[in-house]
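Because only heavy atoms are used, hydrogens play no part in the values below, and waters and symmetry mates are left out as well, while side chains stay in. Counting starts at 1 for both ligands and their atoms, in listed order.
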Amino acid sequence: MTATGTRVLVLNSGSSSVKYQLLDMHDTQSEGGSAAGRLAVGLVERIGEETSRLTHTPLATGGDKRETEGPIADHEAALKAVAAELSADGLGLDSPQLAAIGHRVVHGGLKFTEPTLIDDAVLQEIERLVPVAPLHNPANITGIRTARALRPDLPQVAVFDTAFHTTMPEYTARYAIDVETADAHRIRRYGFHGTSHAYVSRKTAALLGKDPSEVNVIVLHLGNGASASAVAGGRCVDTSMGLTPLEGLVMGTRSGDIDPAVTFHLKRVAGMSADEIDTLLNKKSGLIGLCGDNDMREIRRRIDEGDERAALAFDIYIHRLKKYIGAYSAVLGRVDAVAFTAGVGENAAPVREAAVAGLEEMGMAVDASLNAVRSDEPRLISPEYARVAVAVVPTDEELEIAQQTYALVSA
Ligand code: AMP
């Protein structure tokens, strides 16, 4: 298939939100800087409520950010509103320059190992995965259906959060539980944030002046959701999230790793239902459960004021992170770089400092003045003598989705 246009609209549809970016792939490839090729970015929030809000920034025209408040009933209305905003800037969805729409899809199971052109059969397969991703795939599916209805003639591509992790060996992906039960219910470790881990591990190799095939990288994606991955020669060999995004690191509102018997205990002793336990572990645990705040800025502010609960939450967060750095060092055997990314990883210098503190014997260290630099560019924060490069590498999931989408439709 050969696309005539060079623009890609990236859609990230959540249960009550749609994030979008319109990119010109010609410019993302030819220019530098993080804003290169970005024509418009925006967000529709609180879909289905009276107080829905659309925030749209027309970067192409240099116009100001526009905010519209008022009820937006569903995803269809949301996407129509986005289309109207884009049209107002001369960037409408009917433009022949639009080559494709790229959709973020959270769960691709084992089948989808690559970006995939969406047709009815693909959509059915994504629906078949709803039982293993009940919180995410339904919203992604709604986004796809709506976009297909708006532009039935346009190639639409699904880019899966799980795809990068499908290279994990069977002994990493399989839980040590009864094989028949696991297989009957497709229970295994899939991993998430794959688009980010793929992008950041590649960028880290570039920062070191190497090809991805030459380096082993531990990627720490620390946002409100957080995950670590071990990437050997460009291929993911382990990642901290599992069947769902609940496993692994301490996150903003998720517990991460926990003795599974805690859930039986909550059911039998505390009398909680499966849904209540799900909510507790996904929405009321992690940093917010530990100290009442999930924003690392606020937690650091409280620590500076001597707040002990915030300090303990921080220590628990860091301890888990350190355990994963150690575990993935052992998994990889040789580590060339540790890369911090996402909201916390890119911005919270104290987190980077604390996570690497005491790991000098493993060749890892952080230089205080390099760590204090604020920048949107990938950069090293380790001292020259350190054997392992420690880096801050801003993630860009939208660009990665757009690039994968465009590569598929222009091939
Ligand atoms: P993300 O999910 O990648 O958007 O990351 C969101 C999280 O990043 C927020 O909940 C904060 O904890 C964290 N964050 C964002 N900006 C900063 C900052 N300047 N300093 C520390 N943490 C930050």
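Donor-acceptor pairing under 3.5 Å is recorded for the side chains of Asp367 and Ser369.
Between Phe340 and His221, the distance separating the two ring centers is not shorter than 6.0 angstrom.
To the nearest 0.5 Å, atoms OH (Tyr190) and OG1 (Thr239) are separated by 14.5 Å.
Using a 4.0 Å cut-off between charged nitrogen and carboxylate oxygen, Arg309 and Asp293 do not count as a salt-bridge pair.
In this structure, Arg188 fails the cation-pi test against Tyr175, since its NZ or CZ atom is not both closer than 6.0 Å to the six-membered ring centre and inside 45 degrees of the ring normal.
Note on residues 134-143: no pairs pass side chain to side chain donor-acceptor pair (under 3.5 Å), not counting sequence neighbours.
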Short N or O separations between ligand 1 and the protein, below 3.5 Å:
{"from": "ligand 1", "atom 1": "2 (O)", "to": "Asn224", "atom 2": "N", "distance (Å)": "2.9"}
{"from": "ligand 1", "atom 1": "3 (O)", "to": "Gly343", "atom 2": "N", "distance (Å)": "2.9"}
{"from": "ligand 1", "atom 1": "8 (O)", "to": "Val344", "atom 2": "N", "distance (Å)": "3.4"}
{"from": "ligand 1", "atom 1": "12 (O)", "to": "Met296", "atom 2": "N", "distance (Å)": "2.8"}
{"from": "ligand 1", "atom 1": "16 (N)", "to": "Arg297", "atom 2": "NH1", "distance (Å)": "3.4"}

